[in-house]
Amino acid sequence: MAHLLGTSSDEASAAWRTRYDELSNDIRPFPFAKELVERLRSNGLKVALATSSPSDLLRRAMRAAGIEGLIDAVTTADDVTSSKPDPAVFEVAMRMAGIDPEFAIAVGDSVWDVKAARAAGIACVAVESGGFSRHELSEEGAVAVYRDVEELWRQLSTSPLAGLALSSGRPPCR
């Protein structure tokens, strides 16, 4: 909030949460989000969620996407002292899931995700569904940018994520 407004505002934070709660019944998963997680797992990859959102909001989103039993580790704003672009949320998630940063790639939808991943020493694949353009995400350092989760799912075998499957000794993502 401080980054967006230029100053901290408890009132703005409270208003955001109130509005989010009002709209929470309208949460819908991105098409192919569950299928993407399932394919990554079927290729022997661990999946950790690292978000600057509070844990209760992440639980709602995971439930909506139907991925609750498919995630190896979850790190939220409740687990770290600073939110993205601070790398802590990614570092804690990798540690919790037992993921070697040498073999990790973040998937994000904001410039803050890309910055945090880079600061954590990992690459970031981005999707444009977070309101940032291909240009903004690429300029920040995303190694690949996809229009949305569905496009990433459809192109998974040629994406940077396919290389992780190869390094795990599994066939590339199908």
Side-chain angles (χ1 to χ4, degrees), residues 28-53 55 58 61-77 79-80 82-174:
R28 301 289 179 266
F30 289 116
F32 291 89
K34 181 178 181 181
E35 292 83 354
L36 176 63
V37 172
E38 289 171 336
R39 277 181 68 191
L40 294 172
R41 295 206 28 111
S42 73
N43 277 278
L45 300 177
K46 291 184 179 180
V47 177
L49 297 182
T51 180
S52 293
S53 293
S55 60
L58 178 62
M62 288 174 62
R63 209 172 15 256
I67 60 170
E68 295 156 295
L70 301 174
I71 305 302
D72 295 290
V74 172
T75 304
T76 68
D79 301 311
V80 295
S82 297
S83 61
K84 297 172 191 170
D86 188 286
V89 72
F90 285 129
E91 294 165 345
V92 171
M94 288 185 291
R95 196 166 39 254
M96 288 175 65
I99 297 171
D100 182 341
E102 292 272 327
F103 301 101
I105 296 178
V107 177
D109 66 0
S110 74
V111 294
W112 296 287
D113 292 328
V114 179
K115 287 180 181 184
R118 286 182 45 228
I122 60 176
C124 186
V125 168
V127 291
E128 292 180 283
S129 52
F132 292 90
S133 69
R134 176 177 303 276
H135 176 76
E136 290 168 303
L137 296 163
S138 296
E139 285 293 308
E140 201 53 58
V143 296
V145 180
Y146 297 88
R147 181 179 53 254
D148 52 27
V149 174
E150 180 177 351
E151 183 178 57
L152 175 56
W153 178 80
R154 292 190 185 285
Q155 296 183 20
L156 194 58
S157 63
T158 59
S159 78
L161 296 168
L164 290 178
L166 289 173
S167 68
S168 73
R170 297 280 191 132
C173 302
R174 294 189 178 125

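These numbers come from a predicted model, not from an experiment.
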Taking every non-hydrogen atom, the tightest pair across A123 and A117
O-CB, 4.1 Å
Output every pair passing salt bridge (charged side-chain N to carboxylate O under 4.0 Å, His left out) with a member in residues 127-139, not counting sequence neighbours, ordered by first then second residue.
E128-R134
Who pairs with S129 by side chain to side chain contact (heavy atoms under 4.5 Å, CB included), at least two apart in sequence or on another chain?
F30, D109, V127
Do V114 and L137 have side chains that get closer than 4.5 Å, going by heavy atoms?
yes
Which value, rounded to the nearest 0.5 Å, describes the distance between L156 atom CG and L40 atom CG?
5.5 Å
Decide yes or no for V74 and S55: does some side-chain heavy atom of the first lie under 4.5 Å from some side-chain heavy atom of the second?
no
Over all heavy atoms of both residues, which pair between A50 and K84 is shortest? Give the atoms and the distance, please.
O-NZ, 2.9 Å
If you apply the rule side chain to side chain contact (heavy atoms under 4.5 Å, CB included), what do you find for L70 with V47, and how did you get there?
CA-CA 8 Å; L70 301 174; V47 177; over 6 Å; no
Do V107 and L161 have side chains that get closer than 4.5 Å, going by heavy atoms?
yes
Looking at every heavy atom in both A142 and V145, which two are closest together, and how far apart are they?
CB-CG2, 3.9 Å
Pairs touching residues 150-164 that satisfy salt bridge (charged side-chain N to carboxylate O under 4.0 Å, His left out), sequence neighbours left out
R147-E151, E150-R154
Can you name the residues that form a side chain to side chain donor-acceptor pair (under 3.5 Å) with S83, not counting sequence neighbours?
none
What side-chain donor-acceptor pairs closer than 3.5 Å can you find for residues 88-106, not counting sequence neighbours?
| from | atom 1 | to | atom 2 | distance (Å) |
| --- | --- | --- | --- | --- |
| D100 | OD1 | E102 | N | 2.8 |

If the condition is salt bridge (charged side-chain N to carboxylate O under 4.0 Å, His left out), which residues does D72 pass it with, not counting sequence neighbours?
R41
How many angstroms lie between OG in S52 and CG in D113, if you round to the nearest 0.5 Å?
7.5 Å
Identify the heavy atoms of R39 and W153 that sit nearest to each other, and give their distance.
NH1-O, 2.6 Å
Non-hydrogen side-chain atoms of V125 and L152 separated by less than 4.5 Å
yes
Any L49 side-chain heavy atom under 4.5 Å of I67 side chain
yes
For the residue pair R118 and G141, what are the closest heavy atoms and their distance?
CD-CA, 4.0 Å
